[in-house]
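In what follows, residues are counted from 1 in the order of the sequence shown.
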Amino acid sequence: MEFIELLIIIALTITFSNVLSKVMPTIPIFFAQIFLGIILGMSKYGHEITFEPEIFLVMIIAPLLFREGEEANISSIAKNFSTILFLAFGGVILTLLAVGFTLHTFFPTIPLAACLAFGAALGPTDAVAVGSLSKKLKMPDKVINILNGEGLLNDASGVTAFQFAVAALLTGTFSVVNASVTLFLSSIGGALVGLVVVWIKNRILHFIEQAAAKDVISYLLIELLLPFVVYVIAEIIGVSGIIAAVVAGVLQSKSHHRITLFDAQLANVSENIWSTIGFTLNALVFLFLGIELSEVISPVWTDRTYSNGWLLMIVLLITVVVFLVRFLFVRGFYLIKEYKATEKTTFREILLLTFGGVKGTVSLAAIFILPLSVNGVAFEQRALLLFLTACVIFVSLTMGMLILPLLSDGEYEKPIDLKELEILNKVIKHMQHKLANNHLSEEEETAIEAVIDQYRMRIWEITTEGMTETDQKKVQELQAWMLTIEQQGLDEMYQKGEISHTSYVIYNRLLDRYEFANQKKFLSFISLWLLIGRRLLRILLHPKRFWRLKREHDFPKNSKINVHELKYIYDANSLRIHQRLEAKEENVSKTVLSFLAGRREMLLKRMYHRNVLSMVSIEKSPIYERELLNGYTFERRTIDEYEREDKISSLSANTYRQKVNLLESFAISKNLH
């Protein structure tokens, strides 16, 4: 039962880390997972977790590297293959030697083979961490492609080199020449195993197809089992299972797929499942890093063999050695490669490649493979090596997070698709024309206005996605600030007895519905405070009022709605906002103000309806569903028109149609329930 409890807690922790990364994207997800792992490690469940190296390799590393191979951009890798190959193999070996001998110099009691294993573990870069750090920054495509390609290949070379170092630790003999030859042969053998297993897999699928027995579940299970099978077979033969898993993944991505309904369904399901598996496995490793930090810090920190200051100095020294060695071999490689070339790699690109080589998942996973005992004797330095690895990973991630933004060209701005905005605006104009030129019932008018509001929100989402993260923060803070003014004004008028309880409840609900509900992320601590902290403060200061509102989930029944009183609240709050905006020194984007003003105008229109309640419950109405589907139909028709007139490409048109189909399908299924 305790094992089941542990699984549930780990699953909940991973889920919470994902939610936290979406709600507060400014915090790198791996830091959140490490922090949650530390908390979990301090609990009784954390002390019960034991790591089996072989299980860790086959159950976590093999599928992770298989998926990286499956998603690899082979053309980009081929374009920068010489650089990637040098970093992936030469860089790993140089790091192994430099870090290994540095550690052995300061800790001579640790066997040299164990020090070299430590260096091999810190050889690979972490593609996931690099992606998390760089996706919000403007970096040259060349740098990003090299880092991604290196992350694919050096994971395999680093883990393989680590395995040889561990073998040397267990046997007591180590030869650089023999290890290099064995590494080469093992890599070639692993690649051949990956090739053969994928070929056999394709033959099996061909047989299933001929027998008319194919289905999505069978094909998916075969694909999910592939990384585990290919790894185990390679290890049984005595070659690199890691290389075999990577090669199998690359070959899997190059498999021929026909354009059929079955292949489309399989690809869709496979993508979703692999995304979940990949996120879960990466999250597990960073959780384990946090757990390991909580487990090893205490005994190592309290051990009087080495002073704490000395350990911290060693961590910083090793981190410096890792980045210094990386800088030197990257710089040296480009000096030789571009000796007579006219186009030179800039110094900034070299620094980006240097500090983009942060450590993470694979480094931590590899160090877990260290044996608990050597020749029947407990390996006492294992805890120290785990501690040093975890700390170096953490410091390297922190350095990357701090330095990469300084070296980049600024924050990444996602290009805004102006044609998509044009199409959405055309739908809004169509709906507005229908609203102005038809004799409609009040409920139909309400439904059309709600549909228009939906399209405006889609436009706003596209617009904000094209902003830099800094601009998004400013927009959200302004929106939260305006909402705070609204809430303060409403509370003040209610406390002074200027408005009735019914109007107070209605306006509260409208604010929640049309403003707060749209906040999907907290991009800064200011917006977090404005949207969450102030509400908590209101609850603490006025608990009775909060619980009274909480009990009234819907608007007060059998109460007469005073539209003029609601308009009075709106006008008073509008004046407050206008006065505060004039007092603000910073310039606010006219586009942002226009959107936020439009949202408030929509609120005012809803108040002028004789039945304000219908404006909140309209989305449950069949009339709303009908008008929403009419909007999707007109949108699809407009897309076809733009494609015929060559205003958009066929690829763009298909992308737009997929969005419409997804929204339409969801709207129908939602209303069926």
Side-chain angles (χ1 to χ4, degrees), residues 52-74 77-78 85 88-89 124 127 149 151-164 167 182-211 213-258 262-263 266-267 269-271 273-275 277-278 281 361-362 365-366 369:
E52 294 293 336
E54 287 302 322
I55 294 178
F56 208 82
L57 269 177
V58 70
M59 297 304 296
I60 294 182
I61 298 304
L64 275 177
L65 297 186
F66 172 84
R67 186 56 178 170
E68 284 185 21
E70 202 171 22
E71 293 182 321
N73 188 333
I74 303 302
I77 292 176
L85 195 65
F89 288 91
L152 172 65
L153 295 181
N154 73 1
D155 286 351
S157 62
V159 173
T160 305
F162 181 87
Q163 289 174 315
F164 282 114
T182 307
L183 174 61
F184 175 76
L185 295 177
S186 179
S187 300
I188 296 297
L192 291 174
V193 170
L195 180 65
V196 171
V197 172
V198 171
W199 181 84
I200 294 173
K201 187 263 313 183
N202 290 333
R203 295 301 92 202
I204 293 173
L205 294 183
H206 182 67
F207 172 77
I208 293 174
E209 186 175 341
Q210 286 186 325
K214 69 176 184 179
D215 70 304
V216 172
I217 295 176
S218 297
Y219 276 52
L220 183 61
L221 287 175
I222 290 173
E223 181 182 343
L224 293 176
L225 286 171
L226 188 58
F228 307 106
V229 172
V230 73
Y231 177 88
V232 171
I233 291 175
E235 289 296 318
I236 290 174
I237 294 174
V239 295
S240 174
I242 296 297
I243 298 289
V246 171
V247 171
V250 172
L251 293 175
Q252 180 73 6
S253 69
K254 292 301 176 183
S255 299
H256 175 67
H257 296 287
R258 292 170 296 180
F262 175 81
D263 288 299
L266 178 61
V269 175
S270 175
E271 179 65 29
I273 290 180
W274 269 115
S275 297
I277 292 175
L281 294 179
T361 307
V362 176
I369 307 172

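Looking at Leu251 and Trp199, their side chains never come closer than 4.5 Å, going by heavy atoms from C-beta outward. Contact annotation: the side chain of Val196 never approaches that of Val230 to less than 4.5 Å [non-hydrogen atoms, C-beta and beyond]. Between Phe66 and Leu226, some side-chain heavy-atom pair lies under the 4.5 Å cut-off. In this structure, Gln252 and Lys201 have side chains that are in contact, with non-hydrogen atoms separated by less than 4.5 Å.
Contact record, Tyr231 with Val58: CD2-CG2, 3.5 Å, taken as the closest heavy-atom pair. Between Ala234 and Ala244 the shortest heavy-atom distance is CB-CB, 3.8 Å. Taking all atoms of both residues into account, the shortest heavy-atom contact from Leu205 to Tyr219 is O-OH, 3.3 Å. Nearest heavy atoms, Gly190 versus Ile243: C-CG2, 4.1 Å.
Atom CG of Leu281 sits about 4.5 Å away from atom CG of Leu64, to the nearest 0.5 Å.
Remark: Val229 pairs with Leu225, Ile233 by the side-chain contact (heavy atoms from CB on, under 4.5 Å) rule, at least two apart or across chains. With sequence neighbours left out, the side-chain contact (heavy atoms from CB on, under 4.5 Å) criterion links Leu224 to Leu220, Ile273, Trp274, Ile277.
The main-chain N or O of Ser186 is never found under 3.5 Å from a side-chain atom of Ser240 such that the two would form a donor-acceptor pair.
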